[in-house]
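As the structure lists them, so they are numbered: ligands from 1, and atoms in each ligand from 1. Because the structure is a prediction, the values reported are computed rather than measured.
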Amino acid sequence: MTDRYSVIGRPISHTKSPLIHGLFAEVTDQDLTYGSIEGSLDGFAAQVRGFRDEGGRGMNITAPFKLQAFELADARSERASLAKASNALKFENGKIYAENFDGIGLLRDIEHNLQTPLAGLQVLVLGAGGAVRGALLPFLAAGPARLVIANRDLNKARTLAKEVNHERLWVSAYEDLAGQHFDLVINATSASLTGELPPIGVAVFTQALLAYELAYGKGLTPFLRLAQDAGVPRIADGVGMLVEQAAEAFEWWRGVRPQTRPVIDRLTVPLE
Ligand code: NDP
């Protein structure tokens, strides 16, 4: 029987997940369908359970439901627990399992696709929202020399750092970044979604090898433009992260990992 999967979010019309998982299913010869569901703000849990009760095997979760997805699960991975958010659910043995593959997808894109291993690097992460929560465990496990989180709401960053409690994890106010040097600068704020630049100066890029923007499909965002103008040798947006987290979920559900490069190439929008 054909297995059913879906992504749920609100709005959902922009989603690339059905395309990505459709391509994965084709190349790995998996018998499945993958659709999309517009989530209801007051009926999300019922929609998830309804999909499962009709034979659904798993779901991807996107904004604004990642927290609710985490809460309704019966069992949660460590990564999802730290993030307090889930971007993938699996329905098995009558239970709902929650995972969070955003962080591992980001790490894999940076280390594998962009060939920038984190070990020994000075890393700056802008933002302290859901995506950063999901990324911290895999990032710290990769062994950076220092990982600094900067956020407008400094208390949010401090709370997160306290929860993680790792000797190489630091918190900084934006205004205290002046004079600090980083090998890798990651924009994990949602500023680019509204065409804004987080409050950074060009100096944060002085030593940077790579500037990475989590938002994708937006071309040269203000963050990437600043990095490019500063002469950063490599800039990238989050399309690779999107495809890599999808590959992780696909493997979790199906037991087979699809190749990601052809799908990344197909979805890439030029950074110009
Ligand atoms: P959240 O809403 O959880 O967090 C938003 C963060 O952005 C907060 O830290 C907030 O700071 C900060 N922020 C928002 N506007 C500004 C601004 N103008 N200047 C400085 N900081 C700002 O979002 P997520 O963590 O879920 O997502 C963050 C980004 O990552 C989005 O662009 C999203 O599209 C992208 N993303 C990409 C994925 C991919 O697969 N490529 C997957 C998941 C997310 P404060 O706390 O001070 O308000």
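Distances from atom 9 (O) of ligand 1 to the heavy atoms of Asn151, Leu67, Asp109, Leu106 put Asn151 nearest. Evaluated by nearest non-hydrogen atom to atom 40 (O) of ligand 1, the leading choice among Val125, Ile200, Leu242 is Leu242. When the heavy atoms of Pro199, Ala131, Ala191, Ser190 are ranked by distance to atom 25 (O) of ligand 1, first place goes to Ala131.
At least one N/O-N/O distance between Gly238 and ligand 1 falls below 3.5 Å. Residue contacts with ligand 1: Gly130 is placed with a nitrogen or oxygen under 3.5 Å of a nitrogen or oxygen of the ligand (distance criterion only). At under 3.5 Å, not a single nitrogen or oxygen of Gly127, backbone or side chain, sits near a nitrogen or oxygen of ligand 1. Considering both main-chain and side-chain atoms, Asp102 never comes within under 3.5 Å of ligand 1 through any nitrogen or oxygen pair. Between Asp153 and ligand 1, an N or O atom pair is found at a separation short of 3.5 Å. In terms of N/O distances under 3.5 Å, ligand 1 is not approached by Tyr216. Considering backbone and side-chain N/O atoms, Leu214 comes within less than 3.5 Å of an N/O atom of ligand 1.
The shortest heavy-atom contact between Leu114 and Ala236 is CD1-CB, 3.7 Å. Looking at every heavy atom in both residues, Ala80 comes nearest to Ala98 through CB-O, 4.0 Å. Contact detail for Val269 and Gly219: the closest heavy-atom pair is CG1-N, 4.4 Å.
Counted by atom type alone, Tyr34 and Asn60 present one or more donor-acceptor pairs between their side chains at under 3.5 Å. There is no side-chain donor-acceptor pair under 3.5 Å between Asn100 and Ser86.
At the shortest separation from atom 12 (C) of ligand 1 among protein heavy atoms lies Thr189 CB, 3.7 Å. Ranking the protein heavy atoms by distance from atom 46 (O) of ligand 1 puts Lys156 NZ, 2.7 Å first. For atom 48 (O) of ligand 1, the nearest non-hydrogen atom of the protein is Arg152 NH2, 2.9 Å. For atom 28 (C) of ligand 1, the closest non-hydrogen atom on the protein side is Ala188 O, 3.3 Å. The single protein non-hydrogen atom nearest to atom 39 (C) of ligand 1 is Met241 SD, 3.5 Å, given as residue, atom name and distance. For atom 33 (C) of ligand 1, the nearest non-hydrogen atom of the protein is Leu193 CD1, 4.4 Å. Among all protein heavy atoms, the one lying closest to atom 43 (C) of ligand 1 is Lys66 NZ, 3.8 Å.
With a 4.0 Å heavy-atom cut-off, ligand 1 is reached by the side chain of Glu196 but not by its N, CA, C or O. Under 4.0 angstrom from ligand 1, there are no non-hydrogen atoms of Thr194. At a heavy-atom cutoff of 4.0 Å, ligand 1 is contacted by no atom of Ala63, backbone or side chain.
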Task: Trace of the side-chain contact (heavy atoms from CB on, under 4.5 Å) decision for Phe24 with Val263 - done: CA-CA 8 Å; Phe24 286 169; Val263 183; 3.7 Å; yes
Task: side-chain contact (heavy atoms from CB on, under 4.5 Å) assessment of Glu163 paired with Lys84 - done: CA-CA 11 Å; Glu163 279 175 44; Lys84 297 196 179 91; 3.3 Å; yes
Task: side-chain contact (heavy atoms from CB on, under 4.5 Å) evaluation trace for Leu220 with Ile235 - done: CA-CA 9 Å; Leu220 207 55; Ile235 59 172; 3.7 Å; yes
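For ligand 1, the atoms lying closer than 4.0 Å to a non-hydrogen atom of Gly129 are 3 (O), 4 (O), 9 (O), 25 (O). Atom numbering of ligand 1 starts at 1 in the shown order; those under 4.0 Å from a heavy atom of Pro198 are 19 (N), 20 (C).
For the pair Ala128 and ligand 1, a heavy-atom separation below 4.0 Å is found.
A search for salt bridge (Lys or Arg N to Asp or Glu O under 4.0 Å) contacts involving Asp3 returns Arg57, Arg254, not counting sequence neighbours.
A cation-pi geometry, defined here as NZ or CZ lying under 6.0 Å from the six-membered ring centre and within 45° of its normal, holds between Arg76 and Phe70.
Panel note: side chain Trp253, backbone Leu89; a donor-acceptor pair is recorded below 3.5 Å. Here the side chain of Gln245 pairs a donor or acceptor atom with the backbone of Leu242 at under 3.5 angstrom. In this structure, Thr15 contributes its side chain and Ser13 its backbone to no donor-acceptor pair below 3.5 Å.
Placement of Leu136 and Ile110 within a single hydrophobic cluster is found when ILVMFWY residues are connected by side-chain heavy-atom separations under 4.5 Å, directly or transitively.
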